[in-house]
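Since the structure comes first, as structure tokens, the remarks are kept for the end.
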Amino acid sequence: MMNMNRRLNGSARVMLVSDLDGTMVDHDAPDNLSLLRFNALWESYYRHDSLLVYSTGRTPITYKPLRNQKPLLTPDITILSVGTEIMYGGGDDMVPDLGWQQFLTHRWDRAIVVEETNHFPQLIPQAEKHQRPHKVSFKVDKVMALEIMNALSQRLERRGVDIKIICSRGIDLDILPKRADKGQALAYLLKKFNNEGRLPHNTLVCGDSGNDAELFSLPQVYGVMVSNAQEELLQWYAENVSDNPDMLHATERCAAGIIQAIGHFHLGPNVSPRDLKDFRKCKVEMSSPAHEVTKFYLFYERWRHAEVEKSEEYIQNLKSVFHSSGIFVHPSGVELPIHQCIDSLARLHGDKQGKQFWIWLDRLSSVQIGSNAWLVKFDKWEFCENERRCCLTTVLMSSKAEGPDDFTWLHMHQTWLYGLEIKEPERWLF
């Protein structure tokens, strides 16, 4: 299946399928807190054995700016353009599923669709970046939408074109091949997984608007409508699945609603490391190298925000985690003793107080390379005052003899990701 789930040897423990705008991403929350909470939860407990799938109305052209604006994790699979495109990967290396594209050509003729829509001056074509080979998109007046949809469907049926029309947020009208929508794209993926003997153990779908309804129609999936769901999805929910115990109307917005659903359906840990107030006192459900590095960078962010007290005890605790002769290779190439870097951190307490400063980890993986040795790799992102920086980070750590939940950092190496380096290297600490 190309590179669909090459990270995993077997079935995913959880396949989480989420819409982006208004579901994973809360555009009304400039602090992105619920998204950052989800990121920490996913990278700590799920990335290693689960699959993250985005299912969005955005096209490949409009998806990229969102990734540049918001602290989004890299998904394993991206369903784009209201289910008309399936891409493996979700970063700069997305590979299209050509079989899905071929499947959608049955009784679809884009030229006829465009010709017939010209008879409806009430349909205002969306910008070219929103148009795709299997998607023709318009803006429409909410009051007239239903009447236009019925008339247009009849005209296209007479022309021998099989289509479906999806209206989202009352004003976004998408014309697609009859075989296409978010639900059918997911069904196609699940069938491919099943044919390989890799059907996910649990699938959770998440949405907020009309074009997400088909996701909830699939059998054997859990579903969550976030609390801020649109009117058309609430109506569909009330008419179709309100009595289905596998469907949840969350009381939390956006990504916080997704976290709520993970707990509601008992899919795994649902306490984000961002919700732990004091790492020294909290015993987590599944300690691991992934949780260890997530925990460190959350402390690092809080220290610089002055959200933890300036205490020598904290610094000494950090030094006990890092080997006394450990080396940090700065992304500029300079080698520094790790304990010297911790001394530098001690002097930066509160230097980001009152500023937008977030850290998140992405694509986190860990491999046991010896009886008590681990190699951990991840992209470490830092956002500060509208600047985004990222480096590939590799950490060598060992588990302590006292207990498998304790780790010692032995070596740390960072390399700038192309185009995301910092001009003044001394401003980058870890």
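- Nearest approach of Leu123 to Pro125, heavy atoms of both residues: O-CD, 3.5 Å.
- Atom CD1 of Ile258 sits about 3.5 Å away from atom OG of Ser18, to the nearest 0.5 Å.
- Atom CG of residue Leu199 and atom CG of residue Asn194 lie 5.0 Å apart, to the nearest 0.5 angstrom.
- With salt bridges taken as basic N to acidic carboxylate O contacts below 4.0 Å, none links Glu252 and Arg37.
- Residues meeting the ring-ring contact (aromatic ring centres under 6.0 Å, His included) test with Trp303, sequence neighbours left out: Phe299, His349.
- Judged by distance alone, the side chain of Arg198 and the main-chain N or O of Gly10 form no donor-acceptor pair under 3.5 Å.
- Remark: Arg427 does not engage Glu382 in a salt bridge, criterion side-chain N to carboxylate O under 4.0 Å.
- To the nearest 0.5 Å, atoms OH (Tyr237) and CG (Asp243) are separated by 8.5 Å.
- With hydrogens and angles ignored, the 3.5 Å screen pairs a side-chain donor or acceptor of Trp100 with a backbone N or O of Gly83.
- With hydrogens and angles ignored, the 3.5 Å screen pairs a side-chain donor or acceptor of His330 with a backbone N or O of Pro425.
- Across every non-hydrogen atom of Ile165 and Leu152, the tightest pair is CD1-CD2, 4.0 Å.
- Looking at Lys182 and Asp19, their side chains come closer than 4.5 Å, going by heavy atoms from C-beta outward.
- Nearest heavy atom pair, residue Cys390 against residue Asp379, reads SG-CB, 3.8 Å.
- Around CD of Gln220, the count of heavy atoms belonging to other residues, nucleotides or ligands within 6.0 Å does not exceed 12.
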Checklist entry - Given Gln126 and Lys139, is the side-chain contact (heavy atoms from CB on, under 4.5 Å) satisfied, shown in steps? => result CA-CA 6 Å; Gln126 293 186 24; Lys139 292 289 185 183; 4.1 Å; yes

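- Surrounding CG of Asn68 are more than 12 heavy atoms belonging to other residues, nucleotides or ligands, all under 6.0 Å away.
- Here the side chains of Glu43 and Phe378 are not in contact, with every heavy-atom distance at 4.5 Å or above.
- Residues satisfying the ring-ring contact (aromatic ring centres under 6.0 Å, His included) criterion with Trp416, sequence neighbours excluded, are Trp428.
- Using a 4.5 Å cut-off on side-chain heavy atoms (C-beta onward), Leu16 and Cys206 make contact.
- Applying the ring-ring contact (aromatic ring centres under 6.0 Å, His included) criterion to His130, with sequence neighbours excluded, gives no partner residue.
- Between Tyr300 and Phe357, the two ring planes are tilted [angle within 30° to 60°].
- Note that CG of Asn270 is 12.0 Å distant from CZ of Phe38, once rounded to the nearest 0.5 Å.
- No donor-acceptor pair under 3.5 Å is formed between the side chain of Thr203 and the backbone N or O of Val221.
- The side-chain hydrogen bond (donor to acceptor under 3.5 Å, both in side chains) contacts involving residues 155-168 comprise Arg107-Asp162, Glu115-Arg159, Glu116-Arg155, Glu116-Arg159, His119-Arg155, Lys164-Asp181, Ser168-Asn211, where partners must be two or more places apart or lie in separate chains.
- Ser50 places no side-chain N or O within donor-acceptor distance of the main-chain N or O of Ala12, the cut-off being under 3.5 Å.
- Between Thr408 and Val321, every side-chain heavy-atom pair lies at or beyond the 4.5 Å cut-off.
- Within the structure, every pair that satisfies the ring pair (Phe, Tyr, Trp, His ring centres under 6.0 Å) test and touches residues 213-235, not counting sequence neighbours, is listed here: Tyr222-Phe265.
- A donor-acceptor pair under 3.5 Å is absent between the side-chain atoms of Arg58 and the main chain of Lys64, judged by distance alone.
- A 6.0 Å sphere centred on CZ of Arg363 holds no more than 12 heavy atoms belonging to other residues, nucleotides or ligands.
- Between Trp360 and Leu35 the shortest side-chain heavy-atom distance does not fall below 4.5 Å.
- Judged purely by distance below 3.5 Å, without hydrogens or angles, the side chains of Ser399 and Asn372 never pair a donor atom with an acceptor atom.
- Taking the side chain as every heavy atom from C-beta outward, Lys178 and Ile163 never approach each other to under 4.5 Å.
- Minimum heavy-atom separation, Pro96 to Gln101: CB-NE2, 3.6 Å.
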Item to check | Audit row: Ser137, Asp172, side-chain contact (heavy atoms from CB on, under 4.5 Å) steps and yes/no | outcome: CA-CA 7 Å; Ser137 297; Asp172 295 320; over 6 Å; no

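- Using a 4.5 Å heavy-atom cutoff, the side chains of Leu364 and Trp42 are not in contact.
- Residues His291 and Pro273 have side chains in contact (heavy-atom distance under 4.5 Å, counting atoms from C-beta outward).
- In this structure, the separation between CG on Leu396 and NE2 on His323 is 10.5 Å, given to the nearest 0.5 Å.
- When atom types are taken as modelled, the side chain of Asp26 and the backbone of Ala255 share no donor-acceptor pair closer than 3.5 angstrom.
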Checklist entry - Please walk me through it: do Val53 and Met15 pass side-chain contact (heavy atoms from CB on, under 4.5 Å)? => result CA-CA 7 Å; Val53 180; Met15 182 161 76; 3.9 Å; yes

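- Residues passing the ring-ring contact (aromatic ring centres under 6.0 Å, His included) test with Phe430 are Phe296, Phe328, sequence neighbours excluded.
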Next on the checklist: As a quick check of understanding, evaluate side-chain contact (heavy atoms from CB on, under 4.5 Å) for Asn195 and Lys191, giving each step before the final call.
Outcome noted: CA-CA 6 Å; Asn195 290 342; Lys191 184 178 180 180; 4.0 Å; yes

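- Heavy atoms only, all atoms of each residue included: Thr78 and Gly90 are closest at OG1-CA, 3.3 Å.
- The environment of Gln368 atom CD is dense: over 12 non-hydrogen atoms of other residues, nucleotides or ligands sit within 6.0 angstrom.
- A donor-acceptor pair under 3.5 Å is formed between the side chain of Asp212 and the backbone N or O of Ser209.
- The closest donor-acceptor contact from the side chain of Asp76 to the backbone of Leu52 lies under 3.5 Å.
- Salt bridge Arg274/Glu301: present, at least one basic N to carboxylate O contact under 4.0 Å.
- No donor-acceptor pair under 3.5 Å is formed between the side chain of Asp97 and the backbone N or O of Tyr88.
- When all heavy atoms of Leu218 and Ala187 are compared, the pair lying nearest together is CD2-CB, 3.9 Å.
- Between the side chains of Gln414 and Thr393, a donor-acceptor pair is found at a separation under 3.5 Å.
- In this structure, Gln184 CD and Leu176 CG are separated by 10.0 Å, a value rounded to the nearest 0.5 Å.
- Counting heavy atoms of neighbouring residues, nucleotides and ligands inside a 6.0 Å radius, atom CD of Glu307 exceeds 12 of them.
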